[in-house]
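Residue numbers run from 1 in the order of the sequence given. All values reported here derive from a predicted model rather than from experimental measurement.
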Amino acid sequence: MTTTLARRHAVLLACAALGFATPAFAQDKNVKIGVLNDMSGLYADIGGPNSVAAANMAVEDSGLRAKGWKIEVVSGDHQNKPDVGVNIARNWIDNEKVDIITDTPNSGVALAVSNLAKEKNSIVLNSGAATADLTGKACNANTISYTFDTYMLANGTGKALTKAGGDSWFFLTADYAFGHALERDTAAVVTANGGKVLGGVKHPLNTADFSSFLLQAQASKAKIIGLANAGGDTTNAIKQASEFGITAGGQKLAALLLFVNDVHALGLKIAQGLTFTESFYWDMNDQTRAWSKRFQKVSPKGSMPSMTVAGVYAGVLHYLKALDAMGGNPHDGAKVVAEMKDIPTDDPLFGKGPLRIDGRRIIPAYLFEVKKPEESKYPWDYYKLIATISPDDAAKPLEASECPLVKK
């Protein structure tokens, strides 16, 4: 009898302990967000300090601080080096208890940090890295790609220019994971639509002198010179191509990844006529305009937001929405990502759209052309819309996915 009572008492104590554990777990409302990007190099203007400002806006707009949550945003400069990025991320996760790492432009850095997040059960909310491998063969349950990828860019710009008669291509490609993926995906689209790739040349990241590469592109006689690079590399290549008279000679430049900040740096006289694909433009509608004007006031350089910056805001906002729905922070990356995929995404910049099992946010993309100087009516009025690409066409079909999370 005594033994039976003792056992019952032990069971009751265990149940009570479990009962207390769940509310205590749910009451953990501490969150630390790390913005990891290029703060001072060739990608600083498209993300950098602007991405930090966007993350802070998302925290404020979430309303969680008013509900008693303690949320901190920290930042780090990966210098476009995977080892530096991984070391920062590892220290954040192990020692500073950072819950989520966002932005991560530079595909080499993003792939390395994504692997670390899987190992540590943390979260990567990618907005700046373009490689489609993050939701393809390198995908995992801890990483989300929110804004764009090389598949979207290739199926926007590559397909449109090839179908419009640009059926011969030569690539100038940044020699690392992003450039390789962008050339690969665009070349596949070009050939699938009846075009030919006449050649290509790889250039080092952050190149100042494109003269030898541009001469090879010019000598190829290709109708389209595809720039499989980004940021300062893209703007330098475009400026020097103009100086060489390449576009005046009849060849067309395809900026396969271009941002509004790049156009601003180039000026409309040089950038006019460029065709490119984005999933966000500040001047698309009343909601994007209202948010972007708010953002411009807190931007360190007073600039309008890039597609990357918009993705940081929308992604962090959705992450915080998921934590709110969970009633607390479990500090369990895979569990939070699963919740993010379960609840609807809806924000003023991208609207509604599901997060797929492979971690890809499904949103439309837009084919734009840079306006002529005389067509621009006010500051940052740079784009005209050529075509809208449906969400289904902007993302690689799941049935063709190499993501190990996708069951076929």
Mutual orientation of the aromatic rings belonging to Phe210 and His203 [parallel < 30°, tilted 30-60°, perpendicular > 60°]: perpendicular
Parallel, tilted or perpendicular, as decided by the 30° and 60° cut-offs, for the rings of Tyr382 and His264: tilted
Without hydrogens or angle criteria, can the side chains of [X] and [Y] be said to hold a donor-acceptor pair below 3.5 Å?
X: Asp185; Y: Thr150; answer: yes
X: Ser51; Y: Asp103; answer: yes
X: Ser279; Y: Thr147; answer: no
X: Asp262; Y: Thr235; answer: no
X: Asn236; Y: Thr207; answer: no
X: Asn106; Y: His78; answer: no
X: Ser211; Y: Asp209; answer: yes
X: Ser303; Y: Asn50; answer: yes

Distance flag, aromatic centroids of Phe368 and Tyr281, threshold under 6.0 Å: yes
Close aromatic pair by centroid cut-off 6.0 Å: Trp291 and Tyr313: yes
Can you tell me if [X] has over 12 outside heavy atoms packed within less than 6.0 Å of its [atom1]?
X: Lys118; atom1: NZ; result: no
X: Lys137; atom1: NZ; result: no
X: Lys81; atom1: NZ; result: no

Nearest-0.5 Å distance that lies between atom [atom1] in [X] and atom [atom2] in [Y]:
X: Asp38; Y: Tyr43; atom1: CG; atom2: OH; value: 8.0 Å
X: Leu266; Y: Ile238; atom1: CG; atom2: CD1; value: 5.0 Å
X: Asp99; Y: Asp332; atom1: CG; atom2: CG; value: 10.5 Å
X: Tyr383; Y: Glu278; atom1: OH; atom2: CD; value: 3.5 Å
X: Asp45; Y: Thr308; atom1: CG; atom2: OG1; value: 12.0 Å
X: Met340; Y: Lys321; atom1: CE; atom2: NZ; value: 10.5 Å

Note: Asp324-Lys67 ion pair, threshold 4.0 Å (strictly below): yes
Side-chain ion pair, Lys159 and Asp393, N-O less than 4.0 Å: no
Intermediate values then yes/no, salt bridge (Lys or Arg N to Asp or Glu O under 4.0 Å), Asp94 and Lys120: CA-CA 9 Å; Asp94 289 347; Lys120 299 287 187 178; 3.2 Å; yes
Verdict with supporting geometry, Asp283 and Lys377, salt bridge (Lys or Arg N to Asp or Glu O under 4.0 Å): CA-CA 12 Å; Asp283 206 12; Lys377 305 302 180 188; over 6 Å; no
With His180, the side chain to side chain donor-acceptor pair (under 3.5 Å) member among Thr131, Thr173, Asp175, Asp133: Asp175
